[in-house]
Structures are given as C-alpha cells and as structure tokens.
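In what follows, chains carry the letters A, B, and so on, assigned in the order in which the sequence lines appear, proteins first and then strands, with residues in each chain numbered from 1. Since the model is a prediction, treat every value here as computed from it, not as a measurement.
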Number of protein chains: 4
Amino acid sequence: MLNRVILIGRLTRDPELRYTPAGVAVTQFTLAVDRPFSSNQGQREADFIPVVTWRQLAETCANYLRKGRLAAVEGRIQVRNYDNNEGRKVYVTEVIADNVRFLESANSANREEGMSSGAMNQGGGNSGGGNRGGGYGGGRDNQDPFQDDGKPIDISDDDLPF
Amino acid sequence: MLNRVILIGRLTRDPELRYTPAGVAVTQFTLAVDRPFSSNQGQREADFIPVVTWRQLAETCANYLRKGRLAAVEGRIQVRNYDNNEGRKVYVTEVIADNVRFLESANSANREEGMSSGAMNQGGGNSGGGNRGGGYGGGRDNQDPFQDDGKPIDISDDDLPF
Amino acid sequence: MLNRVILIGRLTRDPELRYTPAGVAVTQFTLAVDRPFSSNQGQREADFIPVVTWRQLAETCANYLRKGRLAAVEGRIQVRNYDNNEGRKVYVTEVIADNVRFLESANSANREEGMSSGAMNQGGGNSGGGNRGGGYGGGRDNQDPFQDDGKPIDISDDDLPF
Amino acid sequence: MLNRVILIGRLTRDPELRYTPAGVAVTQFTLAVDRPFSSNQGQREADFIPVVTWRQLAETCANYLRKGRLAAVEGRIQVRNYDNNEGRKVYVTEVIADNVRFLESANSANREEGMSSGAMNQGGGNSGGGNRGGGYGGGRDNQDPFQDDGKPIDISDDDLPF
DNA sequence: TTTT
DNA sequence: TTTT
C-alpha cells in the first residue's frame, strides 16, 4: 500500500544499460550503502543494494553515473523470483527507482574515470549553491521565521525534542 | 550513507519471535505490499517483503501483530548472504525495522483471530524455545531466503544490528 | 504516528550554533531544495526549509557544514507557534533532524569558504568509493543475483513497472 | 534536490475542496501526527501539519477522507510566502501530497459520520462554489497560515505544482 | 508460501 | 483552532 525507499551510496561498478525486446531502456547498478554502525569485529560494513531504472531515467543514469560515484535514489522495493537451473526458486530484491540524483559530477569525483567521456551537462542541476532565493534579501525586519525573530527560538530545555 | 525504507502492508502470517543464544529477541514477519499498478495481465500484484525487528520492538510486534493486520514499518534495507549447501552464495534482503505502527487493532480487524483473542501482551506469543519453524513445515531444503535455511539465521549476538 | 522527512539541498548560510540555558547545543540552518519542476514563468525555484539539530549532532553540523554545501537531512516535521509582539500567533515549521550527511567536504566544495576554517575531519565518512566489498571479486560464477544471472533479467515488456 | 515526506496521522477536520479559476481541484486538510515522545509536562503532543492535494487526488481525498480518519500521506515540503496586510512576509509550510492512503474506511472508523454516510464518491463533497470557509468562521484576521488568509490561497493555475 |  |  505504501512502499518508499531512499538511499544514498556509491556505485560498485558502471551502470549497465540494456533494452527490452520492445526497445525500452533499463539500467541496473548496485549501490554500496555504508551501515550506520560497525560490526562486532569493529569493521565498517556496507549493504550492496541493486537498483533498476527504466526509460528516460535509465538512459540518464547510464550517461551520468559511473563506478564510485555518489548518488541518491528514490524508489520502491520490488521482489521478483525465478526458478534457477536446479529448479529452485530464487528471490531477487531490487529497488525500482523513480528518481536518481547525481551527487557528484565527473569533475567533483576525483577518481579514475576510464571511458567515462565526461557525460553531458555535468554538474547540471545542483549548480545552485547558497542564497539564490532573493527572497531573503537585506532589509527585512523580523519577517523571516527561519531566523532568530527576536524571540530567540524559545530554546528552553523543555523543548528538547528527544 | 543513508538507507531509509517506509512500508505499509499486511502480514502474510503471524510474526515469529525467537531469541538469540544470548537471549535477545528477534521477530520476523513478511509484509504484503500491494503494487501501485496492475500487471499487464490486469492483475493487482504485491511485493512480499521480509521484515526483522529486534529487542523490545520484537516483543511488541510478536504481541500485537497477527496475520492479515495492516502495519507501517520504518527501517533500512539490509542484504546478507550465506553459502547454501551447494556452495552457492544466497543473498537475503530484509528490512530491519526500527519503528512499527499497528494500523489495526484486534477489534478493528474484523477477521477470525483463532486463539489469538486479540489481547495485548498475551504473554510472549509463540515465544521461541524449541522448534519455532512450525508454519514452514519440515522438508524444505533451503529454497526460502526469508527463513532459517538450515543455517538458522546465524543469530549470534554479534549480529545485532544496533 | 509516523513523521519522516528526507531532504537533500544546500545551506543558504553558515549554520548557527547556540546553547540552551542548560547548556544543550542547538544548531539551525536552512536548506535550499530545488523544486522538481519549473514555475510557469519558466524559472527554477527552491523551497527554503529550516532545519534544527540538537546535542552532538548540532555540534557536528556546526563544525562541518557551511553556506553552499550540499547535505542530506533525515528527520521529522515539527510545528511550533508563539505569539508575536502584535499578539498574533505565528506558526513555525521546522525539520528536526536526527541524521545529517555531509555530501561535500571542504575540499570537494569548490566555492569561496570565507571564515570557514576548514573544519575537522574533512571528507570523513564517505571516503569509500567503488568496490570495497571484496564480496564481488573475480571468480564468481553466477552467485551474484544483482547481475545478469545468465537469466538475463527477464526483461520482457510485460515487466514494465509503471 | 530531494524532498520527501511521509506522514501518518488523523484529520483534524473534514477536508476542504476548492477549485482554481481554471477549474483545477485543490483539497486541503490538516493531519494531527502524534509526537514520538512526551513533553516535559508528561503530555502527549502532536504536530498539526497542513496537506494540499491537487486534481484527481484532491477529489478522491474530498470524497473519502473525514475528520478523525487515519491517513498516510506521501509528498514534499513546500514553503510559500505572501505579504500580509501589515506588510509582513508570512511563511506558509505545507506538504504537497502526491499519494494518500486511506487507512480507515467509513465502516472501520467507529465514530459519528454526520451526513457523510461513508459512501465513495458522494458527488463532490463540499465542492467549492461559494463560501467554503464554514468551519473557520468569518472574522479572522489573518492569524491562520494554513488557511486562505484573506489572500485566498492565490490559487491561480500558475501555481500548479506538477 | 503469501495479505485485504 | 485542532485528531485518537
């Protein structure tokens, strides 16, 4: 009824773009997502989570993503199964992504890029940076609730949220 | 680096509560989550997503959840693997929950409840001990990744995820 | 009953660290999050979303984040209100974060840093990169379900998920 | 760059359906979402979070949701602002929903339903037209950011978020 | 193997 | 202004 996943991690290899018989693009890659704690042997571990994208998003991912790059993925968990050649049912769990954000462009990623060819529109999107809103301009007097408002956030200890 | 899942679905069976050798509670159940679209054969399908909870949350889930009940789960995707008895690596993907909401109470769920009687905190559920497999019958040989697989989930205390 | 927010955006200014009378650290900053569509005037717009962190996380954010940096925030929406000096009730909506990921370290951010002073432990965390798992090494024969499996993903058009 | 919210809570009143001048449906309601902890006075508190839906989803929400019902909402945080009649900038934060799940149907909700009768698609709800304010009485002077504020939500078609 |  |  509701199935939502958000991941941030790094690609374990270059994405693989294929096409269905009817010509629909599908791209698969695996994200390595560090676990938020260490194992009992004191090592940092990661989950390796397979991601699938379709159509236009598939082609964009194939063009912009490369092994080692950081990406954010939004999607849903899908479980499919098939019978392997020993006749066993094999379950495959994947994240079907409907939104992928490239958190590192070719130039900000300082690793070997192989055949990566630089991709189009690198860095496109999150060019922005700081205060581009204008909305926050100068001569305001207290009209911005995200600031201290004179009323200095009311932080008594009673407001502790946890 | 970031790994967040939110699911709403129904339990495919009663949850299974077990204990690690060191006495830590673990509960597993599977959520059936309807897909937001129909298959090309026009049928509504669902993903069956295994969920694992630990400690206090495990005991609460074992006490309050039952087959068919609607629940919301927050957690993270975890992928573990083991070598099966043919020497193949088998991958198991589960949602490790850190928050579970019971969206139907015993009385709002209008179905047969068997021995469950709807009561909260009914003394520990099917609380572990001997052969907890029950529902999964005996003669399986490793075809179910959501289960103990012979390799009985490897729950030593070292696997505690938090 | 459930309240979860995940944002990725850039800080509109340096974070502000304060302390409650009892000495608890609180850091506030605003994230500019680009909207996924353009306005009818064809401009890219952003939402400016106030974020609050407490305690240890507050101090880490104050140390590592700077104006213009990209960050991921996990938390919950909180709405508080106060009476302003005209006696009106003013509503303030903030994201109370319990997890913040620094998606750009001081050196990967190629913008002016002003007084930023470089912060400790820059780049910490997401150092990782590509295939550190080992698990994916070379001589596998089909044991990796995230790959093509021989069974080439079964992508008939019937599998289109949307 | 990424902006995702998931809420589960109860409607504080019946949803309000209106139409833009160009005939696009918009429904607003407020979700009461219990906080996961108690205040320092030991009381359970809630956040009251305004939600906006558009088009078909707006009509469905108006038809199926009622005060007190449990619902799950997926969407994104949007912050808009306007100048009130004292010339102050007022900020309004809302969740623009793209997915709403009704977690209680008319019959599972065991409360008085007034004229609602639980039927699906009961012909448009309180469907816009004249003075839809009703519940909010007349003589308010702008103290409610979740409402029309005199500035009647500015819903020209240009504001369509998708 | 599966829930409504 | 507020829901169970």
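Here the P atom of nucleotide E:dT3 and the CG atom of B:Leu70 are 15 Å apart, to the nearest Å. Here F:dT4 presents its P atom at 11 Å from CZ of D:Arg69, a figure rounded to the nearest Å. Rounded to an integer number of Å, the gap from CG of D:Leu31 to P of F:dT2 is 16 Å. When rounded to the nearest whole Å, the span between CG of D:Leu103 and P of E:dT3 equals 20 Å. If you measure from atom CG of A:Leu2 to atom P of E:dT3, you get 21 Å, rounded to the nearest angstrom. Rounding to whole angstrom units, CD of residue B:Glu104 and C1' of E:dT3 are separated by 11 Å. Atom P of nucleotide E:dT1 and atom OH of A:Tyr91 are separated by 4 Å, given to the nearest angstrom. Distance D:Arg66 CZ to F:dT2 P: 22 Å, rounded to the nearest Å.
Between C:Val79 and D:Phe48 the shortest side-chain heavy-atom distance does not fall below 4.5 Å. Looking at heavy atoms from C-beta onward, A:Ile49 lies out of side-chain contact with A:Val5 at the 4.5 angstrom threshold. Between D:Val52 and D:Gln78 there is no side-chain heavy-atom pair separated by less than 4.5 Å.
You'll find that the side chain of D:Thr12 is closest to F:dT3, out of F:dT3, E:dT1, E:dT3. Picking from E:dT1, E:dT4, F:dT4 the nucleotide with the shortest atom distance to the side chain of D:Arg10 gives F:dT4. Distance from the side chain of B:Ala46 is smallest for E:dT3 among the nucleotides E:dT3, F:dT3, E:dT1.
In this structure, B:Phe48 does not pack face-to-face on the six-membered ring of E:dT3, missing the 5.5 Å centre cutoff or the 30° plane limit.
Under the rule for a side-chain hydrogen bond (donor to acceptor under 3.5 Å, both in side chains), the partners of B:Asp47 that lie at least two apart in sequence or sit in another chain are B:Arg35.
Scanning atom types as modelled, no donor and acceptor separated by under 3.5 angstrom connect the side chain of D:Arg13 and the base of F:dT3.
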